[in-house]
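In the text below, chain A, chain B and the rest are named by the order of the sequence lines, each starting its count at 1. From a predicted model like this one, the values you see are computed outputs, not experimental measurements.
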Amino acid sequence: MTTMTEAVRASSTGGTVKKRASRIRSGEKRPAAAFYWMVWPAVIAFAFFHTLPVLIGIFFSFTNYPGYGDWNFIGLSNYVNLFKDDRVLAAYGFSFLYAIVATILTNVISLAIALGLNAKIKASNFWRGVYFVPYVLAILVIGYVFQFFFSNSLPKILSGIPLFADNILTNETWAWTAIVGLGVWQACAFSIIIYLSGLQTIPGELYEAASIDGATPWRQFTSITFPLIGAFLTINIVLSLKGFLQVFDQVVALTNGGPGTATESVTLLIFRGGFSGGEFAYQSANAVVFFIVITIVSLLQFRVLQRREADF
Amino acid sequence: MSSRTRSIRMAAAAVTAVGVIAALSGCASGSGSGVTTLNFFQFKGEALEDFNKIIADFEAENPDIKVVQNQVADADTIIRTLLVKDKAPDVITLNANGGFGKLAQSGVFYDFSEEPVLQTINPAVQDILANLGNKEGEVNGLGYVNNANGVIYNQDIFEQQGLEVPETWDEFIAVCDALKDAGITPFYGTLADSWTGLPSFNALGAYPSQGDFWDQMRAEGENVGPDSEVSFQKDFPEALDQQYELYSNYMQEGYRGKTYDDGNAAFANGEVAMLLQGIWATNPIKQINPDIRAGIFPYPATNDPGDRLLVSGVDVVVTMGKNTPHKEEAMRFIDYMFEKGVIEDFAASQNMVPSVEGATLGDDPALQSVKPYFDEGKITGFIDHQIPPSIPLAAIIQQFLFNGDTDAALATLDSEWAKVAARTIPVTGD
């Protein structure tokens with residue numbers, strides 16, 4: 001207990017922090033034990049619940065384990081078969097199409113809404129709350145609400161348009177757009193929050209100066225707002241794309257991968273093939289490949305997007 | 001019908017999984033006072049009350065045995081985790097699907113071949129189980145009640161229109177045309193739920209896949225294709241064409257976007273004359289309209305009435321863990337379950353066909369109309385149980401019923417079969 005309070009005192013007295021930091025480096029005094037007490041449980045929990053399962057998954061991807069019973073090592077066969085499987089390729093195609101479209105829509109819409117919420121409008125806190133509601137609701141719940149909407153309400157409201165009159169969720173070509181609609185609707189809530197916090201970091205004097213110089217609101221947006229929220233744009237795009245690539249609940253709630261296998265995402269394929277399909281090891285290999293793909297995509301995005309971020 | 005409850009309720013399943021495992025480990029040591037406690041693993045939610053009654057009666061007769069019913073959601077997954085952990089329940093009921101066959105083959109269940117109760121069961125039912133898989137030379141499951149997969153028809157509408165139950169394919173089409181001419185929609189299609197394409201696929205596909213078709217398919221493995229000895233492309237075109245004919249000509253408007261529940265409601269209200277479903281749909285239909293008289297007839301896929309086959313699955317199979325320490329008590333409970341009166345009550349309440357020979361069926365018209373096929377042994381299993389679960393069969397059939405492209409659907413089935421065969425690497429001895 002005493003070490004705990006010591007640590008709190010040490011960290012709360014802001015002035016001494018710098019001095020202490022340099023002393024650690026010179027090795028005169030060790031950091032308080034409390035820091036270790038805080039770090040170790042987290043490390044253990046993280047390793048046990050996160051790192052270990054990942055390693056086990058990688059391990060089983062080199063076997064023919066069906067999820068129960070006996071198994072053998074089979075080398076890289078799962079990976080070789082993966083690249084020959086057109087169903088897997090189709091799932092990657094769907095996931096990327098969905099993720100790219102949804103990322104663009106989410107970021108355009110939420111940036112626009114965030115700009116509105118950041119302006120001096122009446123009851124801005126109320127509106128911010130309203131836009132955050134979709135993030136609070138459980139995805140499966142709203143998923144079923146949306147499913148009812150698409151299969152029962154829309155056919156009646158838009159009975160003149162054949163695409164909607166016949167339940168868009170069972171349309172092989174366009175079912176994915178309904179999933180995009182649900183995904184964007186829900187993801188905007190979180191993106192808006194990040195954009196809002198980004199917008200609030202921009203000092204008001206910049207806009208005052210710009211309007212004195214006679215810049216139009218559009219010019220202010222392109223020359224001040226957009227460059228200065230660069231870091232937030234990067235993080236939002238990277239997080240959205242990563243999240244949308246792993247789309248699962250939305251698909252389950254709306255189409256369950258159908259009609260046919262038209263909206264089968266990679267995660268849904270891994271879940272189905274691995275658990276109900278009895279191909280645990282094969283889909284583990286798929287998961288490993290998917291993990292690598294997402295990592296590469298995210299790193300590429302960071303490199304490209306960070307280049308155009310403005311420093312300030 | 002396993003695909004009936006395909007919707008994923010992961011959260012619920014996870015919670016029950018934890019609960020069941022906790023419950024089972026708790027029960028294991030409850031035999032202190034001369035009373036043996038049996039773990040009874042029960043997969044069928046709608047049978048919970050029926051089994052409670054069976055257990056209460058059994059316990060009254062056998063005071064030295066206590067039976068704890070563990071009713072679980074997503075039983076297929078949970079039984080696997082229990083078996084892997086070597087915590088097999090004493091008495092188990094499962095749906096006899098392909099997954100059950102796989103488990104039976106791996107030898108985790110008790111061998112019933114010497115038990116007298118086996119002699120009381122209809123051999124055609126045990127054949128269906130044997131086709132799913134048993135450990136070499138063993139009998140690992142006892143069929144309890146069976147379902148029937150056939151065309152459900154509204155007997156009142158048939159009588160009003162002066163129609164007879166069709167016995168050949170041509171008669172079947174003639175009945176559909178007559179209904180259409182009379183302004184009655186023959187069928188209600190519900191393709192928004194992909195699995196609802198499967199009952200008719202199973203029934204019509206049963207004809208080309210008689211004999212050792214599936215053994216040959218498995219032997220072909222990754223070579224299955226248009227040129228192989230047997231294949232979907234070679235043997236199934238007629239079945240799929242027949243299925244598509246029913247869907248494309250005789251369904252209501254908008255059959256692509258309706259769900260299973262919509263179909264049951266429409267049939268119950270007399271909007272259509274028939275449903276391409278099975279006996280499991282009669283309960284939900286009766287909940288909407290208790291007075292409906294619904295019968296079932298097998299899909300007559302050929303033009304010889306003598307060829308007709310009723311597709312039937314073992315809806316509930318009873319088995320027990322191989323190494324249960326309470327073998328004698330568990331067997332007593334199983335024997336009790338298979339007593340004629342007990343199984344009759346259960347089957348009537350569940351609207352199923354009891355497997356014990358000589359047991360009488362409930363007086364439901366649907367049950368009565370399939371009785372002759374069970375008596376004569378003219379029943380055959382669900383073919384989707386022979387197709388590996390990693391093939392998205394329901395999705396492929398649904399897609400086919402949307403676009404009618406027989407060749408593409410069969411080519412996809414063959415290529416999926418070949419791919420799964422190629423990547424299923426058998427476990428070697430060491």
Legend entry - Heavy-atom contact with chain A under 4.5 Å, split by part of B:Pro388: neither
Determine yes or no for a side-chain-to-main-chain donor-acceptor pair under 3.5 angstrom, with [X] supplying the side chain and [Y] the backbone.
X	Y	result
A:Asn286	A:Ile270	no
B:Asn97	B:Gly99	yes
B:Thr319	B:Asn140	yes
B:Thr324	B:Gly321	no
A:Asn64	A:Trp71	no

Inset, instruction - Kindly say whether the aromatic ring centers of A:Tyr144 and A:Phe149 come within a distance under 6.0 Å. - result: no
Inset, instruction - Give a yes or no on whether the ring-centroid distance for A:Phe164 and A:Phe150 is below 6.0 angstrom. - result: no
Legend entry - Carboxylate-amine/guanidinium proximity below 4.0 Å for B:Asp111 and B:Lys322: no
Legend entry - Presence of salt bridge, B:Glu222 and B:Lys419, under 4.0 angstrom: no
Legend entry - Most chain A-contacting option - heavy-atom pairs closer than 4.5 Å, from B:Gln399, B:Arg423, B:Glu416: B:Arg423
Legend entry - Inter-chain contacts: residues 97-105 of chain A against chain B, heavy atoms under 4.5 Å: none
Legend entry - Heavy-atom contacts under 4.5 Å, residues 173-193 of chain A to chain B: none
Legend entry - A:Ser77 versus chain B, the contacting section by heavy-atom distance below 4.5 Å: side chain
Legend entry - Inter-residue atom distance A:Leu239.CG - A:Ile194.CD1, 0.5 Å rounding: 6.0 Å
Inset, instruction - Calculate, to the nearest 0.5 Å, the distance between atoms OG and CZ belonging to B:Ser415 and A:Arg87 respectively. - result: 10.5 Å
Inset, instruction - Check the surroundings of atom OH in A:Tyr92: do more than 12 heavy atoms from other residues, nucleotides or ligands lie under 6.0 Å from it? - result: yes
With a 4.5 Å cut-off on heavy-atom pairs, point out which of [options] contacts chain B the most.
options	answer
A:Gly273, A:Ala281, A:Pro259	A:Pro259
A:Thr170, A:Asn81, A:Leu169	A:Thr170
A:Asp86, A:Asn152, A:Asn78	A:Asp86

